[in-house]
Chemist: 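There's a structure below that I have some questions on.
First listed ligand is number 1; within each ligand, the first listed atom is number 1.
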Amino acid sequence: MQTIADVSELQSAVRNAVAHVTITDVHTHLFPPNHGNLLLWGVDELLTYHYLIAELFTQAPADLTYDKFWQMDKSAQADLIWQRLFIETAPISEARRGVLTAMSALGLNPAGRDLNKLRQWFAEQSVDTYLQKVFELADLDYAVMTNNPLVQQEAAYWQAGEPTPAVLKTALRIDALLLNFTTARAELNRQGATVGAKLDRQTFAALRKWLGDWAGRLNPVYMAASLGPDWTYPANDETTMLLDEVVCPLSAERNLPVALMVGVRKAMNPDLRDAGDGVGRSDISSVVRLCQAHPKTKFLLTTLSRTDQHELAVAGRKFRNLHLFGCWWFLNNPSIIEEMARQRLELLGTNVTIQHSDARVLDQLIYKWSHTREIIAKVLVDKYTDAHNAGWRFAESEITRDVRRLFGGAFEEFLAK
Ligand code: RAT
Ligand code: ZN
């Protein structure tokens, strides 16, 4: 095997591998183009991303009330965000820079400061070819969606059974069931599930059947839920019962992992709607107990608080049924991605999925991945250099193999196990 002797050659091989790796995006909020208005794309959607709405209100004048903002149509909201967050103040936050990166990668010129010109370009695109273009620019093999069968509009599209693009795979989202059984029950029964009000054996069986039917229909990569910082396991509550009696048994039976995203403090400011969620520290010992209680269920795990990350990475070393992924939401910022990547590589080697995009707007795939590639390249150059200086010599094929592991290979291995 030909290995690289020269350290600067090694460093360029690492940079090159990260720049050219094909990525699997393990968690997004994208939808197939034939699912109506569910798939968001274009500059107005980028500008009204909830991350930017939150930023707008940190500096909006007092006479811009929440109600006033929500009553505006999308393009008026986008105009306002463009004006205040790009023209009147520096677009240097991560979410703002993202819009610039996406525009530039598409060959547009954000520095022209002409929003209508940008809009005009998007108006000329057709969604199917644009989807393909974005996947090529970001260099993804596929992205995993978030598919919630308890949302009627979403369920109807899947029940209609139209084919969907191979670049979008499904994930069965189950928060609504895990966190609010009473509300979920009404929709379950509307779908013909005949679920009783009491969480007893019969109800669990009906729920397993309903969930199993949806798993059959969607063929998901995993089931998923986001949970609050106050989530504990086990607890004397519905979430524990539903995990123990419905979700984990189905997961073990079908070898279908459960992805948990823990630490979102929902509706910290309800006036901000989707932009109003905050963060709290999670209880990693609950994650540990869950992995112990359900050794036949595979858990994909990410948490929202920076403070949790070390403890979570240590847990990731202890359980074969636990796989860590992504720098979620408020952690998806260069300084934190870098810190988390270093920590995870040091504790877990390449057995981690280093990032996911969480893209809600198709175009975001472009910037979220190009920004991540930049940071991970920097971190990996250091890590490979350190191993080289310690006496190892790498072959180029080994570098590309391991970079792919970080960007989707380890995830797929975990799914297949
Ligand atoms: O990052 C986000 O866009 C959040 O609003 C959530 O969607 C979160 O990622 C989730 O999946 O719950
Ligand atoms: Zn998400």
Chemist: Got more than 12 heavy atoms from elsewhere within 6.0 Å of CG, Asn236?
Modeler: no
Chemist: Is the distance between the ring centroids of Tyr66 and Phe57 under 6.0 Å?
Modeler: yes
Chemist: Can you tell whether the side chains of Glu339 and Arg306 come within less than 4.0 Å, N to carboxylate O?
Modeler: yes
Chemist: So, are Asp277 and Lys266 salt-bridged, with charged N and O less than 4.0 Å apart?
Modeler: yes
Chemist: Could you check whether Lys133 pairs with Glu136 (Lys NZ or Arg NE/NH1/NH2 to Asp/Glu carboxylate O, under 4.0 Å)?
Modeler: no
Chemist: Where does Arg173 meet ligand 1, judged by heavy-atom distances below 4.0 Å: at the side chain, the backbone, both, or neither?
Modeler: side chain
Chemist: Tell me whether the centres of the aromatic rings in Phe325 and Phe411 are closer together than 6.0 Å.
Modeler: no
Chemist: If you measure every N or O of His27 against every N or O of ligand 1, does any of those distances drop under 3.5 Å?
Modeler: yes
Chemist: Report the protein N/O/S neighbours of the Zn ion (ligand 2) that fall below 2.8 Å; do not count waters.
Modeler: His27 NE2, His29 NE2, Asp358 OD1
Chemist: Under a 4.0 angstrom heavy-atom cut-off, which atoms of ligand 1 come close to Arg360?
Modeler: 2 (C), 3 (O), 4 (C), 5 (O), 6 (C), 7 (O)
Chemist: Would you mind checking if Asp213 and Lys209 are paired as a salt bridge, meaning a charged N to carboxylate O distance below 4.0 Å?
Modeler: yes
Chemist: Which atoms from ligand 1 have a heavy atom of Met261 less than 4.0 Å away?
Modeler: 11 (O)
Chemist: Applying the salt bridge (charged side-chain N to carboxylate O under 4.0 Å, His left out) criterion to Arg404, which one of Glu412, Glu413, Glu398 satisfies it?
Modeler: Glu412
Chemist: Closest non-hydrogen protein atom to atom 8 (C) of ligand 1, residue and atom name please, with distance?
Modeler: Trp328 NE1, 3.4 Å
Chemist: Less than 4.0 Å is my threshold; does some heavy atom of Asp274 fall inside it relative to ligand 1?
Modeler: no
Chemist: What is the nearest protein non-hydrogen atom to atom 1 (O) of ligand 1, stated with its residue, atom name and distance?
Modeler: Tyr51 OH, 2.8 Å
Chemist: Under 6.0 Å between ring centres: does that hold for Trp328 and His27?
Modeler: no
Chemist: What protein heavy atom sits nearest atom 5 (O) of ligand 1, and how far away is it?
Modeler: His50 NE2, 2.9 Å
Chemist: Salt bridge or not between Arg289 and Asp283? Use side-chain N to carboxylate O under 4.0 Å.
Modeler: yes
